Q: 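Take a look at the following structure, please.
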Amino acid sequence: MTDIAAAPNCSDKGRSFRTGGTVDGQVDPTNAAQERAWDGTEGGLWAAHADLLEQMPARYDAALLDAAGIGPGARVLDIGCGTGSLTRKAARRAAPGLVVGVDLSAAMVEVAHTRAAGLGNASFLRADAQVHPFPTAGVDVVVSRTGASFFGDAPAAFANLARATAPGGRLALLTWQAPSRNEWFVEVTAALAGQPMGGPPPGVPSPFALADPDAVRALLGGAGYADVQLTDVREPAQFGGDPVAACDVMADLLGWLLDGRDAAEARGALLDTMRAHEGPDGVTFGSAAWLVTAIRPG
Ligand SMILES: C[S@@+](CC[C@H](N)C(=O)[O-])C[C@H]1O[C@@H](n2cnc3c(N)ncnc32)[C@H](O)[C@@H]1O
């Protein structure tokens with residue numbers, strides 16, 4: 001496995017994986033705050049609630065994997081892989097090719113490692129994808145499901161990923177459109193905060209940092225990609241079959257939005273919202289994403 005994501009000391013019996021301790025290689029100073037969050041409380045919550053959070057954007061997976069063009073034998077990187085649900089699906093398509101999931105969070109990488117135990121061609125690396133010294137031209141495909149919008153220096157990060165991609169290789173990203181187009185964000189945050197919330201400011205690392213198509217074209221073109229295309233894709237965001245469980249998970253994750261508000265009142269409002277969105281497919285909200293594809297020129 002070390003051949004496509006190798007960095008010094010990142011091999012453990014052929015698996016590029018570590019729990020705890022230091023990140024393989026360095027974390028860029030521009031990603032220090034993200035590392036604190038994802039390798040701290042936030043990542044711990046995502047690991048604890050992996051079942052629901054893996055499912056949330058899963059309706060997009062088939063389109064994302066089709067766009068990535070992953071076939072048997074492909075060498076694949078999954079950037080910001082989290083607990084590895086896309087990595088596992090990519091590994092099934094790529095076999096016998098190797099797939100490496102890369103993430104800042106030790107807790108999430110540990111869950112990813114456990115969940116991929118039956119797959120001999122998937123492994124995980126705890127590293128900062130922005131600066132990790134991936135072998136040059138070592139992979140055929142780079143994918144990411146909502147994991148590539150948190151870079152402190154996005155031009156440097158995508159240049160690093162372009163360098164890692166073999167000539168003719170592909171990039172395929174799923175990334176959220178603007179907050180206002182994502183009912184899950186609008187309604188969940190408003191219920192918890194007690195008032196409508198704007199999204200994060202543009203240009204800062206967040207789930208919505210790649211929401212502007214012109215900015216994405218300029219970013220990826222500048223990083224060394226060609227034929228950058230964005231496709232408007234819309235699927236229900238899935239929050240599981242139980243409104244109470246959905247409420248508990250989202251209240252845990254976004255508790256900081258309460259900002260002094262009575263916690264029981266906020267939780268009650270969120271539960272009402274979850275119940276209002278319960279249907280035959282469980283609790284679902286509208287969502288809108290960009291399917292971004294690009295080619296690494298030969
Ligand atoms: C929204 S989660 C998405 C997780 C996963 N792709 C999924 O769809 O379930 C974003 C992930 O990106 C990871 N991440 C953020 N910045 C990163 C970086 N510089 N290098 C590697 N991973 C990063 C976080 O640790 C987190 O797991």
Side-chain angles (χ1 to χ4, degrees), residues 5 7 10 16 18 23-61 63-65 68 76-90 99-113 115-116 122 124-134 142-161 164 172-176 182 184-185 200 204-210 235 237-239 249-250 253-254 287 289 291:
C10 69
S16 44
R18 288 185 166 183
V23 171
D24 283 313
Q26 297 194 334
V27 173
D28 192 79
T30 60
N31 290 324
Q34 292 298 317
E35 188 198 15
R36 274 195 299 280
W38 290 112
D39 200 37
T41 308
E42 186 156 2
L45 289 170
W46 274 68
H49 298 309
D51 286 343
L52 188 142
L53 294 170
E54 285 194 356
Q55 187 191 1
M56 189 271 203
R59 292 272 189 104
Y60 290 106
D61 287 354
L64 175 57
L65 291 165
V76 183
L77 284 181
D78 179 9
I79 301 303
C81 65
T83 54
S85 81
L86 187 76
T87 321
R88 298 192 297 277
K89 290 179 184 178
V99 181
V100 176
V102 181
D103 202 282
L104 277 177
S105 166
M108 291 167 84
V109 163
E110 184 158 7
V111 172
H113 181 65
R115 290 186 172 206
F124 298 92
L125 176 67
R126 185 176 162 231
D128 179 355
Q130 181 174 309
V131 292
H132 184 73
F134 301 109
V142 174
V143 292
S144 183
R145 187 181 81 167
T146 71
S149 59
F150 298 91
F151 295 123
D153 184 343
F158 283 102
N160 192 38
L161 298 177
L173 312 174
L174 184 84
T175 192
W176 297 117
N182 279 286
W184 62 270
F185 176 86
V204 303
S206 87
F208 304 103
L210 299 178
E235 294 286 351
Q238 306 176 116
F239 286 78
V249 169
M250 296 314 288
L253 271 182
L254 299 174
S287 81
L291 187 52

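This is a predicted model, so every value here is computed, not measured. Whatever order the structure lists ligands and atoms in, that order sets their numbers, starting from 1.
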Q: Side chains of Ser105 and Asp103: do they bring a donor and an acceptor to under 3.5 Å?
A: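 The answer is no; no qualifying pair exists.
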
Q: Between Glu54 and Lys89, does any side-chain N to carboxylate O distance fall below 4.0 Å?
A: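 Salt bridge flag = no for Lys89 with Glu54.
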
Q: With a 3.5 Å cut-off and no angle check, do the side chains of Tyr60 and Ser287 form a donor-acceptor pair?
A: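 Tyr60 vs Ser287: donor-acceptor pair found between side chains.
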
Q: Heavy atom of Gly43 under 4.0 Å from ligand 1?
A: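 False for this residue.
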
Q: Do Leu173 and Phe158 have side chains that approach each other closer than 4.5 Å (heavy atoms only, starting at C-beta)?
A: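 Sidechains of Phe158 and Leu173: in contact.
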
Q: With a 4.0 Å cut-off on heavy atoms, does Gly152 reach ligand 1?
A: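 Per 4.0 Å heavy-atom rule, Gly152 does not contact ligand 1.
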
Q: Regarding Ser85 and Arg145, do their side chains bring together a donor and an acceptor under 3.5 Å, going by distance alone?
A: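 Yes, a side-chain donor-acceptor pair sits under 3.5 Å.
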
Q: Can you find an N or O of Asp128 that's nearer than 3.5 Å to an N or O of ligand 1?
A: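 Right, the criterion is met.
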
Q: To which protein heavy atom is atom 15 (C) of ligand 1 closest, and what is the distance rounded to 0.1 Å?
A: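 For this ligand atom, the closest protein heavy atom is Phe150 CB, 3.7 Å.
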
Q: Report, in ascending order of atom number, the atoms of ligand 1 lying under 4.0 Å from any heavy atom of Ala127.
A: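 In order of number, 20 (N), 21 (C).
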
Q: Ligand 1 versus Cys81, non-hydrogen atoms closer than 4.0 Å: side chain, backbone, both, neither?
A: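 Backbone only.
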
Q: Suppose I only count heavy atoms of Asn31 and a 4.0 Å limit; which atoms of ligand 1 are within that range?
A: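 Matching atoms, with element in brackets: 19 (N).
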
Q: With a cut-off of 4.0 Å, which atoms of ligand 1 are near a heavy atom of Thr146?
A: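 That gives atoms 1 (C), 3 (C), 8 (O), 10 (C) of ligand 1.
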
Q: Quick check on contacts: which atoms of ligand 1 are under 4.0 angstrom from a heavy atom of Gly147?
A: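 Listed by number with element, the hits are 10 (C), 12 (O).
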
Q: Between Trp176 and Phe185, is the gap from one ring center to the other below 6.0 Å?
A: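 No - the distance between ring centres of Trp176 and Phe185 does not fall below the 6.0 Å cut-off.
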
Q: Quick one, Trp184 and Met56 - any side-chain contact, counting heavy atoms below 4.5 Å?
A: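 Side chain of Trp184 against side chain of Met56, heavy atoms only: contact under 4.5 Å found.
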
Q: May I ask you to identify the nearest protein heavy atom to atom 9 (O) of ligand 1, giving residue, atom name and distance to one decimal place in Å?
A: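 For this ligand atom, the closest protein heavy atom is Arg145 NH2, 3.0 Å.
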
Q: Would you mind listing which atoms of ligand 1 come within a distance below 4.0 Å of any non-hydrogen atom of Phe151?
A: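 So the atoms of ligand 1 that pass are 18 (C), 19 (N).
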
Q: Could you tell me whether some N/O pair between Asp103 and ligand 1 is separated by less than 3.5 angstrom?
A: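 Right, the criterion is met.
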
Q: Closer than 4.0 Å to some heavy atom of Met108 - which atoms of ligand 1 meet that?
A: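 By the 4.0 Å cutoff, the relevant atoms are 27 (O).
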
Q: Answer yes or no: does an N/O atom from Gln34 fall short of 3.5 Å to an N/O atom of ligand 1?
A: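 No.
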
Q: Can an N or O of Ala129 be found at a distance shorter than 3.5 Å from an N or O of ligand 1?
A: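 Ala129 vs ligand 1: N/O contact under 3.5 Å present.
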
Q: With sequence neighbours excluded, tell me which residues meet salt bridge (charged side-chain N to carboxylate O under 4.0 Å, His left out) with Glu42.
A: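 Checked Glu42 against salt bridge (charged side-chain N to carboxylate O under 4.0 Å, His left out); zero matches.
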
Q: Within a strict 4.5 Å, meaning less than it, do heavy atoms of the Arg126 and Asp39 side chains meet?
A: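 Answer yes - side chains close enough.
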
Q: When you measure from atom 17 (C) of ligand 1 to every protein heavy atom, which one gives the shortest distance, and what is it?
A: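 Ranking protein heavy atoms by distance from atom 17 (C) of ligand 1, first comes Leu104 CD1, 3.5 Å.
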
Q: Gln130 versus Asp153: any side-chain heavy-atom pair under 4.5 Å?
A: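 Of all side-chain heavy-atom pairs linking Asp153 with Gln130, at least one is under 4.5 Å.
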
Q: Nearest protein heavy atom to atom 4 (C) of ligand 1, by residue and atom, and its distance?
A: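 Protein heavy atom with the smallest distance to atom 4 (C) of ligand 1: Gly80 O, 3.4 Å.
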
Q: Does the side chain of Val143 come within less than 4.5 Å of Leu86's, by heavy atoms?
A: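 Leu86 reaches Val143 side chain to side chain.
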
Q: So is there a nitrogen or oxygen of Ile79 less than 3.5 Å from a nitrogen or oxygen in ligand 1?
A: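 Among all N and O atoms of Ile79, none is under 3.5 Å from an N or O of ligand 1.
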
